[in-house]
Amino acid sequence: MSLELSEQEIIRRNSMNELLSKGINPYPAEAFNVNVTVNEILEKYPTDHTLYQEISIAGRIMTRRIMGAVSFVELQDSTGRIQIYIKRDDICPTEDKSMYNIVFKRLFDIGDIIGVKGFVFITQMGEITIHVKELKLLSKSLKPLPVVKEKDGEQFDAFSDAEQRYRMRYVDLIVNNQIKDVFKKRTRLVNTMRNFLDEKGYLEVETPILQPLYGGAAARPFKTHHNSLDMTLYMRIANELYLKRLIVGGFDGVYEFSKDFRNEGMDRFHNPEFTQMELYVAYKDYNWMMDTVEEMVEQIALELHGTTQVQVGSNLIDFKRPWKRFTMYEAIEHYTGIDISQMDEAQIHKVAEKVGAEIDETMGKGKLIDEIFGTVAEPYLIQPTFITDYPVEMSPLAKKHRSKPGLVERFEAVCNGKELCNSFSELNDPIDQRQRFEAQLDLGRRGDDESMVLDEDFLRALEYGMPPTAGLGIGIDRLAMIMTNQTSIQDVLFFPQMRPEKKAAELTDADLKAQGIPEGWIPAIRKTSYKTIEALKEANPNKFYNDLGGLRKKLKLDVPMPTLDEVKSWLS
RNA sequence: GAUUCGCUAGCUCAGUAGGUAGAGCACAUCCCUUUUAAGGAUGGGGUCCUGGGUUCGAAUCCCAGGCGGAUCACCA
């Protein structure tokens with residue numbers, strides 16, 4: 001953050017001070033009552049020109065076209081943009097024209113938030129416009145806003161730098177209005193899902209985010225510390241084990257939209273914090289859950305798009321039920337022609353090599369199968385497809401398959417080449433569950449830092465008896481990406497995680513004064529390449545003296561040139 | 001983590017045999033009573049990401065670093 005202001009920022013600060021001196025509060029406290037939105041006017045006025053003859057509306061100035069005693073301004077509120085028409089003699093009915101000539105024309109800027117009163121009409125150019133009778137500043141903007149222009153859907157000078165858009169999402173939302181639609185759709189997606197689950201009678205619950213043990217997924221956690229208890233706590237990586245405890249406790253259906261945290265890499269599909277919806281329903285199995293997922297996601301597509309078909313990149317994806325269902329073996333056979341269902345580990349290893357899966361010698365049968373699937377099938381599954389019956393080794397919380405040894409009752413929905421959700425008939429046999437945890441502990445001892453830890457309290461809960469239960473985890477961010485046609489998770493998160501902004505080292509006024517440097521010279525010293533007192537002290541006094549002379553001229557500083565000895569004392 | 005591309009005015013971007021840094025919009029001043037990506041004229045504005053090196057001279061070439069994008073790897 002530079003302490004120095006740009007020319008335009010200085011001008012705006014001066015404008016603000018001038019407003020103050022004219023008795024205009026740039027940040028008034030009192031409410032400004034709004035009785036209409038832009039969107040309402042644009043929708044309803046064309047059908048009835050008697051409407052909106054006494055309106056009060058507020059928003060941000062986005063463009064200004066000043067034509068002498070008449071001006072056109074584009075005002076943006078939360079619903080859209082509308083043109084307003086300001087005529088000098090309307091807002092300045094008396095002899096004093098300063099409200100228009102000075103306050104509006106000189107002291108207002110693009111980005112300022114204003115309130116206007118007036119009536120709606122249509123200009124000669126045929127544009128719906130507000131004829132302003134009163135104008136009031138509601139908030140002065142001190143930073144120049146990027147000015148994005150648009151014609152026929154084409155943008156000019158778009159504010160497009162991804163880094164700045166994510167770091168300053170507020171600016172992105174102001175000038176790239178279409179961004180708002182993505183986030184509105186995301187919220188509608190969540191609301192649709194919530195309504196769907198509520199209507200089925202399931203209970204929305206909240207479970208701990210700070211957990212003494214992390215579980216329910218294979219991932220590295222964020223670790224923190226509680227001072228009073230003097231204990232390590234983890235940010236949850238999933239909420240599965242807590243929701244199952246609630247099923248043990250006697251709820252038939254519970255769900256939670258949960259922010260989960262995983263201490264892993266970041267890319268366009270991964271953010272360290274992300275949102276999942278997890279659902280657990282007693283007395284159901286994974287077949288039932290597949291039907292439920294289909295129904296829920298189809299409903300979301302209909303709610304957001306009015307159709308089951310959604311354009312995602314170059315693919316048109318149709319969420320209409322029923323979705324294709326493949327077992328994992330069938331999917332592999334479908335794409336390779338090879339049936340691996342009866343093969344032993346050595347044979348499967350050969351298949352994995354043949355299809356070019358990335359494998360290593362530590363991989364067991366289950367992992368090999370998963371790699372084959374990930375190589376030959378998953379990327380090609382564009383239309384929503386259920387993949388069922390996974391190897392037991394990779395699913396320590398899923399129930400063993402009722403009829404297929406070595407497999408578990410688990411499915412994932414795959415769509416656009418990516419996993420959408422994960423679900424199983426939940427393992428409720430406490431003896432089996434303990435053995436699976438112990439197998440995970442073995443993996444951990446062999447160095448797998450994402451293996452699960454053993455949760456004794458969870459096992460105790462299972463020992464009291466959990467009904468047969470179907471469970472589901474569905475990635476809300478990923479689903480939002482598909483439903484809004486975004487290629488990066490950063491585009492469906494308001495504030496994606498970023499590395500901290502580089503802080504430019506700054507010499508403070510106090511530091512410089514402590515060196516005996518007169519205040520008038522401080523701007524010049526800021527312009528030098530010395531950014532710390534230490535660097536300053538090591539500077540060559542003669543070079544520094546010469547630099548100051550040059551800067552004095554360049555900055556037109558009205559301060560006397562010091563002697564070389566004085567400058568040397570500043571550096572001591 | 002690897003590869004690769006990028007970083008120049010408030011915004012979007014030009015800019016090489018290495019020789020005082022440019023455009024459009026934005027901003028300022030003046031003119032203008034219905035304009036619409038921008039009405040006209042004039043003008044101001046830069047740590048060319050940072051640090052080092054090569055050179056008489058670096059936005060430009062070399063090295064290191066920072067931040068970001070893309071691809072890959074890792075990853076319930």
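Please read these numbers as outputs of a predicted model, since none were measured by experiment.
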Taking the P atom of each, how far is rG22(B) from rA73(B), in whole Å? 47 Å

Query raised in the report: Under 4.5 Å between any side-chain heavy atoms of Y286(A) and D389(A), yes or no?
Result: yes

### Task
Please answer whether the main-chain N or O of F494(A) pairs with a side-chain N or O of R169(A) as donor and acceptor at a distance below 3.5 Å.
yes

Sorted by position of nearest nucleotide on RNA chain B, 5' first, the leading residue of S15(A) and A158(A) is A158(A)

Separation of rG44(B) atom P from N14(A) atom CG, nearest Å, is 19 Å

Of the candidates rG1(B), rC11(B), rU35(B), the side chain of R499(A) sits closest to rG1(B)

How far does the C1' atom of rA23(B) sit from the matching atom of rC27(B), given to the nearest Å? 16 Å

Winner on side-chain proximity to D157(A), out of rU36(B), rG24(B), rG1(B), is rG24(B)

Among rU33(B), rG68(B), rC11(B), the one nearest any side-chain atom of K87(A) is rU33(B)

Give me the distance, rounded to whole Å, that separates rA9(B) from rG45(B) when you measure between the C1' atoms they each carry. 7 Å

What I want to check is whether an N or O donor and acceptor connect the side chain of T123(A) with the base of rU35(B) at under 3.5 Å. yes

Using Watson-Crick geometry (N1-N3 plus N6-O4 or O6-N4) or G-U wobble (N1-O2, O6-N3), each under 3.5 Å, rG51(B) is paired with rC63(B)

Problem - Same-atom distance (P) from rU60(B) to rC49(B), integer angstrom - result: 8 Å

Closest to the side chain of K151(A), out of rU29(B), rA37(B), rG68(B), is rA37(B)

Using atom P in both nucleotides, what's the gap between rA28(B) and rC48(B) to the nearest angstrom? 26 Å

Under 6.0 Å from the ring centre and within 45 degrees of the ring axis: does the NZ or CZ of R64(A) meet both conditions for the six-membered ring of F104(A)? yes

Describe, in one word, how the ring planes of H131(A) and Y85(A) are oriented to each other, choosing from parallel (under 30°), tilted (30 to 60°) and perpendicular (over 60°). perpendicular

### Message
At 4.0 Å (heavy atoms only), tell me whether I66(A) reaches a base, stays on the sugar-phosphate, or touches nothing.
### Response
base

Cationic N near anionic O, under 4.0 Å, D491(A) to R268(A)
no

Assess the side chains of D96(A) and T94(A): does a donor N or O sit below 3.5 Å from an acceptor N or O?
no

Rounded to whole Å, the CE-C1' distance (M62(A) to rU36(B)) equals 15 Å

Checking rU33(B), rU36(B), rU12(B) against the side chain of D89(A) (C-beta onward), the nearest is rU33(B)

key: Short side-chain N/O contact to rG69(B) OP1/OP2 from R268(A), under 4.0 Å   = no

Paired with Y214(A), the ring-ring contact (aromatic ring centres under 6.0 Å, His included) test is passed by just one of F458(A), F261(A), Y234(A), namely Y234(A)

Handout entry: Sugar-phosphate only, base, or nothing, as touched by S71(A) at under 4.0 Å among non-hydrogen atoms
Key = nothing

Whole-Å distance, K105(A) NZ to rU29(B) C1', equals 12 Å

At under 4.0 Å, does any side-chain N or O of K149(A) touch on OP1 or OP2 of rA26(B)?
-> yes

- Task: Determine: side-chain N/O of R65(A) to OP1/OP2 of rA38(B), distance under 4.0 Å, yes or no.
- Result: yes

M16(A) atom CE is separated from rC27(B) atom P, nearest whole Å, by 19 Å

Under a 3.5 Å limit on both distances, the Watson-Crick or wobble mate of rG57(B) is none

Given the C1' atoms of rG46(B) and rC13(B), what is the spacing between them in whole Å? 15 Å

Side-chain N or O of Q490(A) closer than 4.0 Å to phosphate OP1/OP2 of rG69(B):
yes

Taken to the nearest whole Å, CE/M67(A) to P/rC30(B) is 17 Å

**Asked** So, Q276(A) and R236(A): side-chain donor and acceptor under 3.5 Å apart, yes or no?
**Response** no

Here the distance between atom C1' of rC11(B) and atom CZ of R12(A), to the nearest Å, is 12 Å

D161(A) atom CG is separated from rC5(B) atom C1', nearest whole Å, by 14 Å

**Message:** Regarding Y85(A), tell me which of base, sugar-phosphate or nothing describes its non-hydrogen contacts under 4.0 Å with the strands shown.
**Reply:** base

Taking for M168(A) and for E7(A) the nucleotide of RNA chain B with the nearest heavy atom, the one nearer the 5' end belongs to M168(A)

Identify whether any heavy atom of R220(A) sits under 4.0 Å from a base atom; if not, whether one sits that close to sugar-phosphate; answer base, sugar-phosphate or nothing.
nothing

Applying a 4.0 Å non-hydrogen cut-off, can you work out what Q124(A) is touching in the nucleic acid: base, sugar-phosphate, or nothing? base

task = Report yes if a donor N or O on one partner sits less than 3.5 Å from an acceptor N or O on the other, where the partners are the side chain of Q8(A) and the base of rA26(B); otherwise report no.
result = yes

Under 3.5 Å, is there an N or O donor on one side and an acceptor on the other linking the side chain of E74(A) and the base of rU36(B)?
-> no

Considering only heavy side-chain atoms of V147(A), the closest of rG68(B), rA26(B), rC75(B) is rA26(B)

D112(A) CG to rA26(B) P, in whole Å, measures 16 Å

_Can you check the distance between rU33(B) and rG24(B), where both ends of the measurement are the C1' atom (answer in whole Å)?_
28 Å

Contact between R245(A) and T207(A) at the side-chain level, heavy atoms closer than 4.5 Å - yes or no? no

Which of rA28(B), rU35(B), rC67(B) is nearest the side chain of I11(A)? It is rA28(B)

Review point. Using a cut-off of less than 4.0 Å, is there contact between a side-chain N or O of Q83(A) and OP1 or OP2 of rU35(B)?
Key: no

Paired to rU12(B) by Watson-Crick or G-U wobble criteria (both distances under 3.5 Å) is rA23(B)

- Query: What interatomic distance, in whole Å, is found between P of rA21(B) and the corresponding atom of rU35(B)?
  - Reply: 42 Å

Out of rC67(B), rU36(B), rU12(B), minimum distance to the side chain of E127(A) belongs to rU36(B)

In Watson-Crick or G-U wobble terms, with both distances under 3.5 Å, the base opposite rG68(B) is rC5(B)

Self-check item: Sugar-phosphate only, base, or nothing, as touched by E9(A) at under 4.0 Å among non-hydrogen atoms
Solution: nothing

